[in-house]
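Structure first, commentary second.
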Amino acid sequence: MKRALPATFTLYALTTLLSATPTALATNAWASTFGHPRGAEGLVAGSAPWLDVFLTVLRGHGAGLLIFAALVTAFLVAVTPTLSLYWMRSVRDGASLAALSFAASRTLAALAVYIVHAAVVFVIAVVGACAVGLFRFGLSGPDTRLHDLVVLAVIGFFALLAFGSGALRDAWLSSVARGESTAQAVRRGTRATGRGTYFVYVGYALLGLVMLACASRVALAIDSPLGALLASQVFVFLRFVVRSRWLETTKRRVDAVS
Amino acid sequence: MRAAILTLVLLCAVASIVTTPAAAQDHAYILSARLDPDAHTVKGTAAITWTNQSTLPQDHLFLHLYLNAFRDRESVFMRESGGQLRNVETTGVGGIEITSLQVDNHDAERMTEGFPEAREDDATQMRVALSPTVAPGARVTIDVEWVATLPPVFARSGYHGDFYMVGQWFPKVARLEPNGEWATFPYHGHGEFYADFATYDLTIDVPEDYVVGATGERVEHAVSGGRAVSRYVAERVHDTAFAAAPWFEEQTARFAQLGAEHAVEVRCLYPPGYDAAAEVHVRTALAGLAHFGNLYGPYPHPTLTIIAPPRGADGAAGMEYPTLFTTAGEWFPVPWLHNAWHEEVTAHELAHQWFQGLLASNEVAWPMLDEGLTSWATQDLLRALYGERANGGSLVGITIDGFEFSRLFALRGRRTLPPGRPANAFHRGYGRSVYARTTAILETVSRTWGRARFVRALGEYARRHRFSHPVPDDLFASFDAAYWPGFSSAVLRPAMLDGAIAAVRVQRLDEEAVVVERLGGLPIPTAIELHHDGGEISRVSFPQRDVRYSRPVADPAGTITGVEVDPDHHGLLDPDRADDFARVGPAPADPWFARLLTFAQFVLSVAGP
């Protein structure tokens with residue numbers, strides 16, 4: 001994990017930079033509209049102005065902010081296969097320019113992995129939708145709680161399946177980081193991913209989400225601007241550390257496949 | 001001279017005997033209803049005792065046959081509502097067919113002319129000849145038989161599967177005003193209630209596996225021949241309704257209040273799986289009975305029945321009848337959102353037990369006395385339950401002021417009529433005006449001059465006029481007594497009847513001066529908060545008589561760099577709060593960049609590596 005720490009921090013810094021840009025635009029729009037932070041204070045106190053403030057900012061700057069945020073997200077999505085491969089390679093050989101160069105040269109393979117994973121998720125979603133439809137129409141009567149819980153359980157199962165398929169994607173990507181072709185990577189990665197791996201992946205992913213939730217919560221709880229920023233960013237960085245730890249686990253499993 | 005005075009006194013005495021209104025129990029309905037679930041019909045009979053409580057003899061009376069609003073798309077209701085209510089579309093037809101009508105044991109003549117707001121294609125009113133004429137104080141008995149065909153549930157009447165909500169199902173006599181004029185009207189898209197208080201004795205006959213909830217106290221129950229027959233009696237109410245379903249489950253509670261005539265049996269009927277929601281409904285009802293009872297006088301009836309309709313029967317949801325109401329909400333309560341579904345709807349329909357059930361104003365003529373007062377009382381109850389400015393909801397430290405929702409709903413966007421207009425004057429914006437704007441007006445008064453005085457005024461109105469038919473002047477008189485003579489003329493009348501607002505804004509703040517101005521016509525006093533560059537914050541009052549406040553920014557306490565009007569948010573009649581504050585110079589740092597940043601990071605972490 002230590003070897004990948006610089007890469008982990010680099011990726012944290014990059015996403016933070018990307019996140020900070022629309023955030024700064026939004027807060028500037030807020031301030032330029034009113035020149036007064038009262039709306040933000042109102043949000044915490046539950047008192048009057050925040051709805052008005054929010055609606056007015058949205059009316060004046062909403063479209064521009066939305067487009068910018070969409071562009072930032074699209075950019076990040078576009079470079080994610082390369083960045084993920086860089087991260088995975090850094091977990092294997094340590095963070096270096098060589099790792100970045102390797103990731104750049106194997107971008108197509110990484111992209112292929114993401115496309116295959118998207119196809120897997122799509123198939124799970126289609127099968128899940130069919131199952132939900134079957135249960136939905138198979139249950140009738142006034143007890144809507146029973147109906148809803150069964151449908152929710154079916155949706156939850158397939159959602160978990162789709163979510164957990166990220167374990168496969170990471171294993172495939174780890175194989176690509178070994179220098180294998182996409183086909184070889186899919187074969188090796190799939191063999192490296194047992195049933196238990198899904199649960200470990202889900203555990204790590206949920207832990208990461210908990211870190212992000214904690215970041216939001218402490219930012220809300222702390223009134224000092226600097227204090228809120230520092231405390232929340234510690235949790236956001238921990239989310240990246242958790243993911244780095246998972247990637248190392250994946251590397252070991254993939255390497256263990258003969 | 002003495003003889004003349006004596007004669008005058010005698011004449012006055014005779015006149016007073018003639019004009020004294022008869023007691024409420026002079027009206028009585030003995031009703032029977034037999035539900036046929038296969039045909040979705042209710043076969044009914046009624047023996048109605050009606051007393052002429054006016055000062056004029058009557059040669060006719062009016063019956064309301066409101067279920068005929070659903071007979072076709074041409075009724076007044078359908079035309080005004082566009083065939084939908086609260087986004088629930090009508091999907092079928094229903095109506096009342098009278099099979100027998102007698103007055104004092106003689107077949108009665110149904111008159112075809114003389115209807116107020118007459119429409120040929122609306123059959124929701126019937127004019128019946130009275131022969132001989134009924135003198136003031138005299139009474140007649142009207143015997144009616146009919147078949148009510150229930151529509152797929154719409155506008156609170158009908159069926160959904162084997163669930164039945166049976167409202168507006170029987171012929172009801174319109175209200176005769178003391179001056180001899182009939183207050184009759186077709187079933188409008190908005191507003192339906194205005195009737196005399198009466199004794200309702202209702203016998204309901206359903207298949208034996210059906211569970212029934214009805215207006216009044218159940219006094220008899222018998223099962224035989226595959227049918228269950230129950231008798232419900234309610235005193236001093238002005239309508240009756242019932243619900244039935246074979247799968248109803250039940251939660252009950254008992255409520256006793258000091259000063260009340262008797263305890264109240266609270267009964268909630270709900271679909272299977274709705275236990276948690278029913279607990280919320282019952283809990284809210286119990287709290288509401290105490291809260292409203294304290295403020296507006298004890299709930300006077302021995303029973304209160306809450307009906308939770310099943311999913312798909314949204315047309316039956318959220319409706320008040322005396323001693324019974326339908327609520328709304330899914331099987332799962334949403335504990336952080338009070339201003340929707342369970343608590344809000346139950347609180348609202350319960351409040352109607354006072355503002356409509358006991359204070360039976362004309363809902364079509366003065367909907368603000370009905371829905372308007374009820375809406376404020378609803379938010380007031382939620383505030384008592386969930387805290388100051390948290391009545392709308394509360395999630396992860398963010399609280400929502402439900403009254404602010406009323407302000408935004410009422411004053412943002414397209415203009416609406418003032419709330420003091422008749423219900424049928426509204427083609428759109430009925431909810432925004434009558435519900436939300438009335439709430440905003442009343443809460444502005446409450447916050448500006450204190451809640452204690454406000455509830456004293458409203459409580460006085462509610463207690464003084466219970467079991468009667470108040471008009472806006474009665475409400476205004478109670479407020480004038482609690483505040484000062486002329487208060488209503490200065491504040492309530494312009495706000496409710498003319499649509500006046502009370503907007504205040506910072507017109508200017510620069511290196512020289514701060515200027516605040518009043519834009520609306522209502523004289524509402526407010527405060528102005530001044531922020532000085534040394535960090536000190538001071539307050540000045542902006543009296544109701546002034547329309548403009550200005551001062552130089554140079555001040556002994558430090559240069560004024562920020563200003564906020566109405567910092568405690570008392571005024572809810574200001575359409576735009578965003579112009580209530582201004583600052584010069586850089587804004588002080590605040591933690592919202594960090595807060596929003598974590599949100600953006602959350603999103604991008606999911607989308608990114």
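Each chain gets a letter, A, B and so on, in the order the sequences are listed, and its residues count up from 1.
Within the 3.5 Å criterion, the main-chain N or O of B/Asp576 finds a donor-acceptor partner in the side chain of B/Asp574.
Between the side chains of B/His531 and B/Glu529, at least one donor N or O sits under 3.5 Å from an acceptor N or O. Remark: the A/Tyr201 side chain and the A/Thr250 side chain contain no N/O donor-acceptor pair separated by less than 3.5 Å. There is no side-chain donor-acceptor pair under 3.5 Å between B/Ser406 and B/Gln379.
Of the atoms belonging to B/Tyr274, it is side-chain heavy atoms, and not backbone ones, that fall under 4.5 Å from chain A. Of the two parts of A/Tyr12, only the side chain, counted from C-beta on, holds a non-hydrogen atom closer than 4.5 Å to a non-hydrogen atom of chain B. Neither the backbone nor the side chain of B/Asn391 comes within contact range of chain A, judged by heavy atoms closer than 4.5 Å.
Between B/Tyr210 and B/Tyr164, the angle of the ring planes lies from 30° to 60°, which puts this pair in the tilted group.
Looking only at heavy-atom pairs under 4.5 Å with chain A, the residue among B/Phe163, B/Trp247, B/Phe403 that has the most is B/Trp247. For the set A/Ser224, A/Ala215, A/Ala231, A/Gly208, the count of heavy-atom pairs under 4.5 angstrom toward chain B peaks at A/Ala215. With chain B as partner, the option from A/Leu14, A/Leu83, A/Thr16, A/Thr82 having the largest number of non-hydrogen pairs under 4.5 angstrom is A/Thr16. Across B/Gly161, B/Ala607, B/Pro310, B/Ala390, the residue that shares the most heavy-atom pairs under 4.5 angstrom with chain A is B/Ala607. Between chain A and the residues B/Val606, B/Thr598, B/Val603, B/Asp566, the largest count of heavy-atom pairs under 4.5 Å involves B/Thr598.
Residues B/Arg383 and B/Glu443 are paired through a salt bridge, judged by an N-O separation under 4.0 Å between the basic side chain and the carboxylate.
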